[in-house]
Novice: 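This is the structure, below, for whatever I ask next.
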Protein chains: 2
Amino acid sequence: MGVTEATPFRANVFDPNCPGRGVMEHVASRWGVLVLGVLLDGTLRFGEVRQAVGGVSEKMLAQTLQALERDGLVHREVRPVIPPHVDYSLTDLGRPIAEGVRGLYRLIEESTPSVLVAQATFDERRAAR
Amino acid sequence: MGVTEATPFRANVFDPNCPGRGVMEHVASRWGVLVLGVLLDGTLRFGEVRQAVGGVSEKMLAQTLQALERDGLVHREVRPVIPPHVDYSLTDLGRPIAEGVRGLYRLIEESTPSVLVAQATFDERRAAR
DNA sequence: CGGTATCCGTCACGATACTG
DNA sequence: CAGTATCGTGACGGATACCG
């Protein structure tokens, strides 16, 4: 088997027609990463999620939550009262992924100062041409 | 200060007007995650990256690589020969982030079977209405 | 070979209004 | 309160052509 056995990394995600790619695009979407990150804090209602994630519209939030629910990463619980009350939380499947996302946050925020310097340098060089 | 001191997580990424958010959107973009993942294997030429990432157009690849280069996550080295030869690799700043992305791949691929079941169940319930 | 420029379609997204 | 429906815009993204 040699190399085949270990398959060092080379995920199938790189294949356009692979189910994992779709999940990746839900998770790593503009709002997906933020929703998962927010839900890591615990169960939240629709409006609370909306408030916690800055700048998301109702429509996009509903859409994002549905995609994540369909993938089994987020649990949706409706309480039949008036006015309606809907709770969102991470599933056991979704939690590790959300934690991975949180790890990315951490790294990116730590890197932010360096990134800003890099951007400034880059833009400067461009202007100098 | 109690809770305030630790600031459990609650990254500034959730603020729409924050530099980290922009970086996050580059990294967690459709092609950004894939490019970073591919470069983790080592230095690659433009064409090699294009081949490794399934389904990306030249335009989007160039655009993605530029954004990551501007953020200081990817290093671009031009060798002035004919025909042109351009190498791309991760910077010290970019590598940890790329590794975080790889971690997400792993998690998502492990989850894929469960996700497919969840999707089937979800779609079934919808149809049953 | 590794881009950049241009054109153009599509769909992601936001704003608004409405329902249960 | 938590959505769904509809519509309009603009950015994203692909195809093509051309330059260094």
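Quick note on labels: first sequence line is chain A, next is B, and so on, each numbered from 1. Hydrogens, waters and symmetry mates play no part in the numbers below; they use all other heavy atoms, side chains included.
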Novice: Check the hydrophobic clustering (I, L, V, M, F, W, Y; side-chain heavy atoms under 4.5 Å; chains of links allowed) and say if A:Met24 and B:Leu40 are grouped together.
Specialist: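 Yes, because A:Met24 and B:Leu40 connect within a single hydrophobic cluster, where side-chain heavy atoms sit under 4.5 Å apart.
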
Novice: Expressed as a whole number of angstroms, how long is the span from A:Glu48:CD to D:dA2:P?
Specialist: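 Spelled out: CD on A:Glu48 to P on D:dA2 is 8 Å.
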
Novice: Does any residue of residues 71-86 of chain A have a heavy atom under 4.0 Å from DNA chain C, and if so, which ones, in number order?
Specialist: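 Going residue by residue through residues 71-86 of chain A, the ones with a heavy atom under 4.0 Å of DNA chain C turn out to be A:Pro84.
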
Novice: Just how far is it from atom NZ of A:Lys59 to atom CG of A:Leu61, taken to the nearest 0.5 Å?
Specialist: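 One gets 13.0 Å once the value is rounded to the nearest 0.5 Å.
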
Novice: Could you give the distance from OG (B:Ser29) to CZ (A:Arg30), rounded to the nearest 0.5 Å?
Specialist: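 If I round to the nearest 0.5 Å, the distance is 12.5 Å.
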
Novice: How many whole angstroms separate atom CG of B:Leu44 from atom C1' of C:dC1?
Specialist: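 The distance from CG of B:Leu44 to C1' of C:dC1 comes to 15 Å, rounded to the nearest Å.
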
Novice: Between C:dC1 atom C1' and B:Arg50 atom CZ, what is the distance in whole Å?
Specialist: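 In whole Å, C:dC1 C1' and B:Arg50 CZ are 12 Å from each other.
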
Novice: Over how many whole Å does the gap from B:Glu25 atom CD to D:dG13 atom P extend?
Specialist: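 Value for this atom pair: 12 Å.
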
Novice: Expressed in angstrom and rounded to an integer, what is the separation of A:Phe46 atom CZ from C:dG20 atom P?
Specialist: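 For the pair A:Phe46 CZ and C:dG20 P, the rounded distance is 18 Å.
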
Novice: Do A:Leu65 and B:Phe122 share a hydrophobic cluster (ILVMFWY, side-chain heavy atoms under 4.5 Å, transitive)?
Specialist: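 Different clusters.
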
Novice: Does a side-chain N or O from A:Arg45 land closer than 4.0 Å to OP1 or OP2 of D:dA2, or not?
Specialist: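 Checking A:Arg45 against D:dA2: at least one side-chain N or O falls below 4.0 Å of OP1 or OP2.
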
Novice: Please report, rounded to the nearest Å, how far the P atom of D:dA2 is from the CG atom of A:Leu61.
Specialist: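 From A:Leu61 CG to D:dA2 P: 10 Å.
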
Novice: How long is the straight-line distance from CG of B:Leu104 back to CG of A:Leu104, given to the nearest 0.5 Å?
Specialist: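 Separation between the atoms: 5.5 Å.
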
Novice: Have a look at the helix from C:dC1-D:dG20 to C:dG20-D:dC1 and give the angle its two end axes make, five pairs each, rounded to 10 degrees.
Specialist: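 Inter-axis angle at the termini of the helix from C:dC1-D:dG20 to C:dG20-D:dC1: 50°.
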
Novice: Identify, between B:Glu58 and A:Tyr88, the residue whose nearest nucleotide on DNA chain D lies closer to the 5' end.
Specialist: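 Going by which nucleotide is closer to the 5' end, it is A:Tyr88.
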
Novice: Under 4.0 angstrom, heavy atoms only, what part of the nucleic acid is B:Gln66 near: base, sugar-phosphate, or nothing?
Specialist: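 Since only primed, P, OP1 and OP2 atoms lie under 4.0 Å of B:Gln66, the category is sugar-phosphate.
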
Novice: Each nucleotide N or O in nucleotides 9-13 of chain C that has a protein N or O under 3.5 Å away: list the pair and distance.
Specialist:
unit_1: C:dC13; atom_1: N4; unit_2: A:Lys59; atom_2: NZ; d: 3.1

Novice: Between B:Arg21 and B:Glu25 (salt bridge meaning N to carboxylate O under 4.0 Å), is one present in this structure?
Specialist: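 Counted as a salt bridge, because a side-chain N and a carboxylate O are separated by less than 4.0 Å.
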
Novice: Is a side-chain N or O of B:Tyr88 found less than 3.5 angstrom from the main chain of B:Glu69, in a donor-acceptor match?
Specialist: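 Such a contact is absent between B:Tyr88 side chain and B:Glu69 backbone.
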
